[in-house]
Amino acid sequence: MNTSRSRGRTPRTLRVAALAVLLTTGAFTPAASAQSARTETPVGTSGGVTETVVRVKAPLPASFGARPAACDWLSYLRYRSSSGPVSSADADRVLVAQPGILEGAGAFDSVARNTVTRAAAQGRHIEFWALDRRSNCLEDRTGIASGDQHSAVDYYYRGKQVQGRTFAGFVGNDKLGWMAKLGIEQTVRDEYDLLAAELPDQGVRKDKVLCGGHSLGGVITGYFAAADFDGDPATTADAGHNQCAGYFALDTTVSTSLGDLSGSIPDDTNLPDVGLGYGVVQAGLDSGLLPRSLSAPVLLNPETMTLLAIAGVGALQDPGGEADLPRYLPANTNIEATNRFLFSKDTATFLTGSPAVKDFRLTNEAILGSLMDDQSVPLAFLQSSVGFFDGGPITDKNFPAANGSSSQPGLFGTEYKAIPAEPHGPLYTWRDYDRVGDPDDPGYRSSDGTPFTAAGKEVTAIQELARSMAAQPLDFTEQYFPTKLVTDLELATSPQVKRLVVHPDGLTANPTLTVLAGDGLLAGRVPADLHPVVADGYQHLDVLTAAPVQNDGRPEPVSSALTEFARTPR
């Protein structure tokens with residue numbers, strides 16, 4: 001008997017509570033008065049974990065220019081033990097996590113809950129703070145917060161109101177002038193200002209805070225550790241490494257280099273040529289000649305990333321119901337190109353658009369799974385191991401890379417890809433992670449006889465993933481990722497960026513926990529000198545989304561490692 005099945009599910013009371021909060025608060029409406037410099041709004045309590053969304057006022061310098069009022073606030077999701085202290089300063093530890101590229105605070109939901117719960121079971125009360133970057137302030141969650149998939153589509157794509165509000169539209173480059181200066185310097189400054197505001201005693205920060213992140217968050221943590229925040233290198237109480245008792249890296253490394261993140265940025269993004277030099281790139285960002293937010297023509301842009309959350313809404317609203325999302329979405333070039341890229345079994349299907357995803361019968365869970373699972377979505381940094389298709393014949397997905405190709409680029413991962421084989425046929429359902437390998441599992445195989453998946457490679461519950469994407473007040477994704485944050489890091493040897501590394505010894509000044517996904521971005525090139533914990537079978541996102549109990553009955557290893565690291569004597 002698989003003991004993980006019941007524990008892998010998301011309690012309905014939590015989902016309803018979270019959606020209710022979103023409905024009543026709208027897009028970041030504070031629970032306190034508008035004059036307050038800090039607000040904290042309840043999201044829900046479940047399984048001994050209390051979640052709130054915290055907003056702290058931290059205005060940008062005037063030099064950034066005009067921006068929405070919401071962008072003068074910093075936000076994070078705070079997870080704490082319900083039986084623990086109310087004050088963060090009284091917690092045993094506080095883990096502060098920077099998100100990865102194109103990622104928001106909501107992505108940490110599962111690992112945060114798992115870690116807080118595991119520590120509480122050991123008699124320790126720790127907190128997990130999942131940070132949003134400033135650019136997430138541009139997102140409007142109103143349609144997602146409705147909890148209804150049709151309402152969400154109507155809100156974002158048809159101009160219909162939800163809760164008396166009309167969507168203002170996706171933000172164009174001409175409205176993002178303030179983001180031209182939103183690079184690594186302001187990003188680490190934001191983390192420092194937030195920590196100083198929430199934990200004013202530097203001694204408490206140094207004693208209790210563990211600083212880290214996922215993917216690009218490891219590099220940001222590296223710059224934070226090496227930074228100086230008062231302009232005087234001789235005074236080190238303000239140095240980044242003295243705000244932390246230790247560092248943690250989730251499928252990344254704590255460094256000041258992008259070298260360990262190969263495959264995390266698609267080649268077809270609108271990222272400018274950094275060979276032009278720092279000055280030319282910055283001038284292009286300032287003038288608007290260069291794009292101020294990172295995007296790609298397929299999937300990775302605000303319009304199509306919103307579809308991920310909408311798919312999550314459907315999976316929560318009616319998991320086993322037949323999805324009508326592909327047919328209900330408006331027909332436009334952006335959505336059509338994305339659907340073809342994600343659901344084409346080969347190049348011919350991509351070029352002709354037939355059969356299209358709307359020609360297949362899929363449940364709402366199967367739609368979400370096909371958008372996020374490693375046997376379906378081709379982009380490695382978006383992949384999670386969330387189960388597999390069921391209910392009908394499956395065939396190889398040989399687009400954009402062929403199954404079994406030894407030269408398959410890291411961007412697309414190495415797992416065999418699968419897709420439903422019969423349009424207008426059976427209703428394809430989704431087999432959750434903890435049902436893969438069960439006696440009734442058809443055991444689908446590729447045309448060359450290779451099993452598409454196995455129980456040991458499936459680690460994330462589809463309903464937990466849906467909750468993270470659709471029932472959080474802060475987004476799973478980052479729709480307007482600052483281009484300057486990437487160009488700064490790619491120009492790390494330029495004087496303008498190099499000067500930010502004031503305390504290079506800060507990267508090794510504290511103990512570091514490195515947790516890597518066995519099939520993630522560093523697969524096959526694990527840095528042994530870091531003595532990492534390797535989560536076998538995990539993909540890049542699984543280190544954040546995995547269920548608390550795995551298919552072998554063992555506790556989820558990422559939160560287990562974080563909990564043990566948090567026990568390290570101070």
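For reference, positions follow the sequence shown, starting with 1.
Judged purely by atom type and a 3.5 angstrom limit, Gln472 has no side-chain atom pairing as donor or acceptor with the backbone of Leu474. Judged by distance alone, the side chain of Ser384 and the main-chain N or O of Leu541 form no donor-acceptor pair under 3.5 Å. The closest donor-acceptor contact from the side chain of Asn136 to the backbone of Thr477 lies under 3.5 Å. Using modelled atom types, one side-chain atom of Asp148 and one backbone atom of Ser151 make a donor-acceptor pair closer than 3.5 Å. In terms of modelled atom types and a separation under 3.5 Å, the side chain of Tyr428 and the main chain of Ala421 share a donor-acceptor contact. Without hydrogens or angle criteria, Glu139 side chain to Gln479 main chain gives a donor-acceptor distance under 3.5 Å. The backbone N or O of Val54 sits nowhere less than 3.5 Å from a side-chain atom of Thr52 that would complete a donor-acceptor pair. The backbone N or O of Asn403 sits less than 3.5 Å from a side-chain atom of Asn398, completing a donor-acceptor pair. No side-chain donor-acceptor contact under 3.5 Å links Tyr538 to the backbone of Asp251. Put simply, the side chain of Asp434 never gets that close to the backbone of Asn551: no donor and acceptor are under 3.5 Å apart.
Between the side chains of His214 and Thr252, not a single donor N or O lies within less than 3.5 Å of an accepting N or O. There is no side-chain donor-acceptor pair under 3.5 Å between Thr333 and Glu336. Side-chain atoms of Glu198 and Tyr76 form a donor-acceptor pair, as typed in the model, at a separation below 3.5 Å. Between the side chains of Asp519 and His540, no donor-acceptor pair of N or O atoms lies under 3.5 Å. A side-chain donor from one of Gln463 and Glu365 sits under 3.5 Å from a side-chain acceptor of the other. Side-chain contact, Thr460 with Ser385: no donor N or O sits under 3.5 Å from an acceptor N or O. Ser376 and Asp373 form no side-chain donor-acceptor contact under 3.5 Å, judged by distance and modelled atom types alone. Between the side chains of Asp542 and Gln383, no donor N or O sits under 3.5 Å from an acceptor N or O.
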Q) Passes salt bridge (charged side-chain N to carboxylate O under 4.0 Å, His left out), Arg133 versus Glu103? Steps please. A) CA-CA 9 Å; Arg133 280 186 286 270; Glu103 190 173 273; over 6 Å; no

Q | Check against salt bridge (charged side-chain N to carboxylate O under 4.0 Å, His left out), Arg435 and Asp441 | A | CA-CA 7 Å; Arg435 293 187 56 237; Asp441 187 342; over 6 Å; no

Q: Would you please test Arg467 and Asp109 for salt bridge (charged side-chain N to carboxylate O under 4.0 Å, His left out) and show each step?
A: CA-CA 8 Å; Arg467 179 193 67 206; Asp109 182 61; 2.5 Å; yes

(Q) Working note: Asp396 + Lys345, criterion salt bridge (charged side-chain N to carboxylate O under 4.0 Å, His left out); need CA distance, chi angles, decisive distance, verdict. (A) CA-CA 7 Å; Asp396 291 75; Lys345 69 175 182 177; over 6 Å; no

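With respect to Ser295, the side-chain hydrogen bond (donor to acceptor under 3.5 Å, both in side chains) criterion is satisfied by exactly one of Asn301, Asn270, Thr269: Asn270.
With a 6.0 Å cutoff to the six-membered ring centre and a 45° limit on the axis angle, Arg55 counts as a cation-pi contact of Trp73. Taking the ring axis of Tyr328 as reference, the NZ or CZ atom of Arg158 stays within 45° of it and closer than 6.0 Å to the ring centre.
Taking both residues in full, the closest heavy atoms of Ala130 and Ala105 are given as O-CB, 3.3 Å, listed atom of the first, atom of the second, then distance. Scanning all heavy atoms of the two residues, the minimum distance from Gln149 to Asn364 falls at OE1-OD1, 3.8 Å.
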Scan the side chains in residues 169-181 for donor-acceptor partners under 3.5 Å anywhere in the protein, sequence neighbours excluded, and list what turns up.
from   : atom 1 : to     : atom 2 : distance (Å)
Asn173 : OD1    : Arg292 : N      : 2.8
Asn173 : ND2    : Gly288 : O      : 3.2
Asn173 : ND2    : Leu290 : O      : 3.4

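Comment: Asp140 engages Arg165 in a salt bridge, judged by a side-chain N to carboxylate O separation of less than 4.0 angstrom.
Residues Tyr444 and Phe389 place their aromatic rings such that the two centres sit no closer than 6.0 Å.
Between Glu191 and Gln98 the shortest side-chain heavy-atom distance falls below 4.5 Å. The shortest distance between side-chain heavy atoms of Leu485 and Leu216 falls below 4.5 Å.
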